[in-house]
Amino acid sequence: MDLFRDLNPSQREAVTYLGGPLLVLAGAGSGKTRVLAHRIAFLVAGASVAPYEILAVTFTNKAAGEMADRVRGLVGDVASGIWMGTFHSICARILRIEAKKYGLMPNFTIYDEHDQHLLMKQVLKDLGISDGCITPASALSRISGLKSNLVTPDELEEYASSPYDLRFVEIYRAYEKALHNNNALDFDDLIVIPVRLMKRLPEVLQRYATRFKQILIDEYQDTNKAQYELVRLLSGYHRNVCAVGDDDQSIYRWRGADITNILNFENDFPDAKVIRLERSYRSTKTILAASQAVIKNNRKRKPKELWTENEVGNKLLVAMVGDEQAEGIFISDKIEELRESQGHAYADFVVLYRTNAQSRSIEDSLRRRAIPYVIVGGVKFYERKEIKDIIAYLKVIANPRDSVSLLRIINVPNRGIGDVTIRRIKEFASSRGLSISDVLNSLTDIETLTTGQRQSLMKFADMLAELRQKAKASSVPELIAFVAERSGYLAHLKKQGTVEAISRLENIEELVAGAYEFEERSQEPSLAKFLEEVSLIMDIDLWDDRRDAVSLMTLHNAKGLEFPIVFIAGAEEGLLPHHTSLEDEDELEEERRLFYVGLTRAKKMVFITMAVGRRTFQGWMPQTGSRFVAEIPVEFIEFEDLTQPAGGMSDDTWGSDMVITKGARVKHPDWGVGRVIACDGYGKHLRLLVRFEGGITKRLLAHYANLEILDDADGFY
DNA sequence: TACATTGCGATCCGT
DNA sequence: TCGCAATGTA
């Protein structure tokens with residue numbers, strides 16, 4: 001078997017070790033994905049482990065798909081039997097099987113953040129809390145923190161030390177009860193409930209713990225307490241757990257990830273074997289050295305020495321720019337320049353940033369240059385109003401007790417069921433301890449309703465019954481199309497006829513198309529499974545990496561990826577590190593890890609931009625360079641100050657209304673004759689990208705560079 | 001009860 | 001800048 005040919009000795013050891021708990025400390029670019037894929041292949045083909053006895057946890061759904069492909073490539077089609085996916089998708093799978101033991105129907109709904117918010121608002125309202133001290137968001141954030149640490153309301157009550165805490169216990173309890181009444185779960189529950197079930201019911205624990213002879217977990221540094229506990233429980237019987245991770249790349253502390261899970265692995269599993277992968281195959285020597293110099297400033301880390309046999313490569317270019325627009329222009333210039341001079345494809349580039357809001361100015365300049373790009377995150381498909389509406393119909397069809405979704409669509413499109421009507425049925429339902437759905441089936445009992453209100457509700461209830469009937473006999477895509485039609489949603493949009501409405505119609509069509517694709521791909525194309533997939537989908541899962549386009553994403557989304565050329569935008573104090581992290585040493589270290597993750601995505605080149613100021617929603621903010629950039633030794637950096645004019649001529653030599661267009665031929669005293677590849681800005685800010693005949697490409701501020709225009713059909717000045 | 005308007009508040013990262 | 005919540009109007 002050729003399984004080991006391409007592996008170095010440490011990798012090979014990690015792939016073949018069968019002596020119990022194994023921790024693989026895998027530095028950036030050290031080939032951990034390959035190790036995981038080969039290990040799975042080895043277990044199946046070389047260690048007689050059946051595919052269904054393997055559990056492989058990946059960080060994204062996309063990574064699970066790619067892992068399956070790689071395994072398939074190594075040992076053929078056995079991957080489909082392996083339980084492979086994110087913690088959330090694997091737990092959802094377990095819960096579908098075990099839901100009843102927890103008092104849940106298997107058709108439970110998964111509430112996303114928005115649904116949670118609506119539910120919590122109702123909870124706070126019911127408890128009579130409206131003082132503004134506790135907002136739905138703050139309550140949910142605290143509850144999420146508690147859940148990821150497996151703290152129940154009862155446990156919290158034991159330790160509650162203030163009246164405030166006690167009141168919070170009530171909120172937590174009421175929220176849990178509300179979820180239960182809706183036969184719904186939040187994201188944290190997906191992990192927490194299986195853990196509780198396994199702790200409470202030995203037969204459940206035994207079923208899974210004996211089944212999974214081999215457990216593999218990727219990105220172990222970003223597991224939280226609940227996930228850790230799940231791993232501990234599941235691996236308790238066979239004790240074969242292989243955790244792969246890098247403490248330097250732990251970037252989800254804010255979401256409850258506990259870096260001590262990896263730092264203490266050897267305490268938790270005293271007989272654990274530890275293998276270090278310290279040879280990097282990804283980055284140049286320069287990039288690797290620069291990133292190591294930065295991360296060494298973190299105190300809470302396992303010491304490690306990464307090395308590489310790769311070439312030395314270019315220095316990192318740090319560019320100081322005037323503002324976010326100049327930053328975008330610099331990035332687009334560089335991309336065109338490198339494409340032109342080195343034949344790079346668009347797909348070789350990624351632009352990374354700390355916050356999604358930063359993408360706008362970069363997108364603007366890419367669009368102006370007609371540079372193709374794909375953006376990860378931002379306005380999400382499944383969060384668009386029309387998609388959420390249709391999905392809400394589906395959720396109500398699948399789970400009648402889901403009142404959050406039901407209330408979302410009860411009057412969308414308008415069908416004469418207004419606030420007053422809704423309030424009356426809510427009151428009736430809560431006074432009798434019924435769900436809204438129950439009440440819809442006994443409308444004649446509600447005496448407070450007017451005849452008109454009752455009629456509207458009856459029509460709605462009839463429609464729901466019809467949709468449920470249809471659901472029994474149709475595939476998911478057929479059902480979606482039927483829902484959109486029968487609910488009046490399509491007619492409602494068509495009537496509007498606006499550009500926006502048309503785009504919404506197109507999105508609904510795309511949803512149907514997506515459902516057809518789901519149907520072909522899925523082994524179990526049920527409505528419940530579809531809703532589960534839609535609920536657990538991640539931005540990065542939707543990333544289309546086959547298009548020749550520049551990628552734009554947050555540093556968080558870049559985890560696990562690599563690109564020949566990486567831009568890190570907005571390397572400024574307050575942005576990276578983010579201002580919310582400046583007070584706390586641990587959070588600052590996490591920001592440093594984030595910067596480290598950004599640097600180590602690069603194979604060939606890194607460009608870092610810092611703006612001297614930015615326009616935010618508050619107005620103009622002067623910015624200073626990131627401390628993390630200052631931590632890179634100067635010998636690895638080339639610095640370029642683009643806030644200063646290129647020098648040459650005084651203001652009045654050239655008019656400020658000069659225009660030069662793409663394709664123009666120009667002459668420069670130093671570099672000779674060249675052609676304009678791209679231009680941006682206007683007047684004094686007109687910037688040119690000029691490729692000179694000597695092969696040099698330069699970025700110039702046209703107004704200041706001593707240029708002579710030789711030939712420009714459209715240009716004038 | 002439905003729809004338009006205004007105004008405000010929030011914004012880090014995301015299952 | 002945007003989305004949502006409260007307010008106003010038909």
Side-chain angles (χ1 to χ4, degrees), chain A residues 57-62 85-92 110-118 121 132 135-138 140-141 144 147-148 185-192 219 222-224 226-227 250-257 324 352-361 364 376-380 382-385 388 411-424 450 452-453 456 492 496 532-542 553-559 570 574-582 587 590-591 593-595 597-598 614-619:
Chain A
V57 186
T58 56
F59 197 71
T60 67
N61 301 298
K62 191 180 174 69
T86 63
F87 272 109
H88 288 89
S89 67
I90 287 163
C91 285
I110 300 169
Y111 278 169
D112 68 13
E113 197 177 352
H114 192 258
D115 299 328
Q116 286 182 61
H117 201 92
L118 294 172
K121 259 171 74 174
T135 64
S138 69
L140 285 168
S141 153
S144 177
K147 283 191 181 180
S148 41
L185 303 170
D186 62 23
F187 288 125
D188 299 307
D189 287 337
L190 284 172
I191 318 289
V192 170
E219 308 285 6
D222 279 321
T223 51
N224 64 29
Q227 291 162 340
S250 167
I251 54 176
Y252 283 98
R253 199 182 91 103
W254 53 274
R255 208 170 73 185
E324 70 278 2
L352 303 176
Y353 36 78
R354 179 63 171 83
T355 68
N356 279 310
Q358 288 169 256
S359 71
R360 168 154 301 165
S361 52
D364 281 348
V376 177
V379 191
K380 296 153 193 146
Y382 287 100
E383 283 177 16
R384 290 181 194 167
K385 187 183 179 304
K388 286 214 69 166
N411 198 33
V412 178
N414 296 330
R415 47 175 75 90
I417 302 173
D419 295 344
V420 179
T421 314
I422 292 170
R423 202 174 65 227
R424 284 179 184 157
T450 67
Q453 289 170 333
S456 303
H492 169 73
Q496 290 178 17
E532 177 189 311
E533 252 189 46
V534 165
S535 302
L536 298 181
I537 205 150
M538 299 165 69
D539 289 333
I540 194 72
D541 298 334
L542 300 171
M553 65 182 81
T554 62
L555 287 156
H556 283 90
N557 272 139
K559 187 160 91 155
L575 211 46
L576 182 61
H578 198 262
H579 63 86
T580 49
S581 313
L582 296 175
E587 287 184 36
E590 175 139 317
E591 297 288 308
R593 290 193 291 269
L594 204 47
F595 185 63
V597 165
R614 262 172 212 279
R615 274 166 287 268
T616 69
F617 66 96
Q618 293 159 328

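Just the heavy atoms: all of them, side chains too, but no hydrogens, waters or symmetry mates, feed the values below. Lettering of chains follows the sequences in order, A, B, ..., and the numbering in each one begins at 1.
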* Partners passing side-chain hydrogen bond (donor to acceptor under 3.5 Å, both in side chains) against A:E324 (at least two apart in sequence or in another chain) -> A:R615

* Structure fact -> 5'-most contact on DNA chain B (nearest-nucleotide basis), A:T580 vs A:H492, goes to A:H492

* With sequence neighbours left out, write down each residue that passes side-chain hydrogen bond (donor to acceptor under 3.5 Å, both in side chains) with A:S456, or none if nothing qualifies. => none

* To do: Under the side-chain hydrogen bond (donor to acceptor under 3.5 Å, both in side chains) rule, collect the residues that match up with A:S361, sequence neighbours excluded.
  => none

* Using a heavy-atom cut-off of under 4.0 Å over every strand shown, decide if A:N224 touches base, sugar-phosphate, or nothing. => nothing

* Side-chain donor-acceptor pair under 3.5 Å between A:T135 and A:S138, yes or no? -> yes

* Identify all stems in which DNA chain C takes part, counting only runs of at least 3 consecutive pairs (Watson-Crick or G-U wobble, each distance under 3.5 Å), and give each as one range with another, ordered by first number. => B:1-9 with C:2-10

* Asked: For the pair made of CZ in A:R615 and P in C:dT1, what is the distance, rounded to whole Å?
  -> 11 Å

* Structure fact -> Taken in chain and number order and not counting sequence neighbours, the residues that satisfy side-chain contact (heavy atoms from CB on, under 4.5 Å) with A:T580 are A:H578

* Verify whether the ring centers belonging to A:F59 and A:Y252 lie closer than 6.0 Å. => yes

Polar atom pairs between nucleotides 13-15 of chain B and protein, under 3.5 Å, N or O only, would you list them?
from	atom 1	to	atom 2	distance (Å)
B:dC13	OP1	A:N356	N	2.4
B:dC13	O4'	A:R354	NH1	3.2
B:dC13	O2	A:W254	NE1	2.8
B:dG14	OP1	A:T554	OG1	3.0
B:dG14	OP1	A:N557	OD1	2.9
B:dG14	OP2	A:N356	ND2	3.2
B:dT15	O3'	A:H88	ND1	3.2
B:dT15	O2	A:H88	NE2	3.4

* To do: Report the residues that fulfil salt bridge (Lys or Arg N to Asp or Glu O under 4.0 Å) with A:R424, sequence neighbours left out, ordered by chain and then residue number.
  => none

* Structure fact -> Given protein heavy atoms under 4.0 Å, the one-letter contact record of nucleotides 2-10 of chain C, with B base, S sugar-phosphate only and - none, is simply S--S-----

* May I ask you to say what A:E383 touches in the nucleic acid, namely base, sugar-phosphate or nothing, with a heavy-atom cut-off under 4.0 Å? => nothing

* To do: Go through the structure and list residues passing side-chain contact (heavy atoms from CB on, under 4.5 Å) with A:L582, not counting sequence neighbours.
  => A:E573, A:P577, A:H579, A:L588, A:R627

* Residue list, side-chain hydrogen bond (donor to acceptor under 3.5 Å, both in side chains) with A:T355, at least two apart or on another chain -> A:Q358

* Asked: If only side-chain N and O atoms of A:T421 are considered, is one of them under 4.0 Å from the OP1 or OP2 phosphate oxygen of B:dT1?
  -> yes

* Asked: Hey, does A:I110 reach any base, or is it just sugar-phosphate, or nothing, if we go heavy atoms under 4.0 Å?
  -> nothing

* **side-chain contact (heavy atoms from CB on, under 4.5 Å) partners for A:H492, two or more places apart** => A:P413, A:Q496

* Results of side-chain contact (heavy atoms from CB on, under 4.5 Å) for A:E383 - residues two or more places apart only -> A:K380

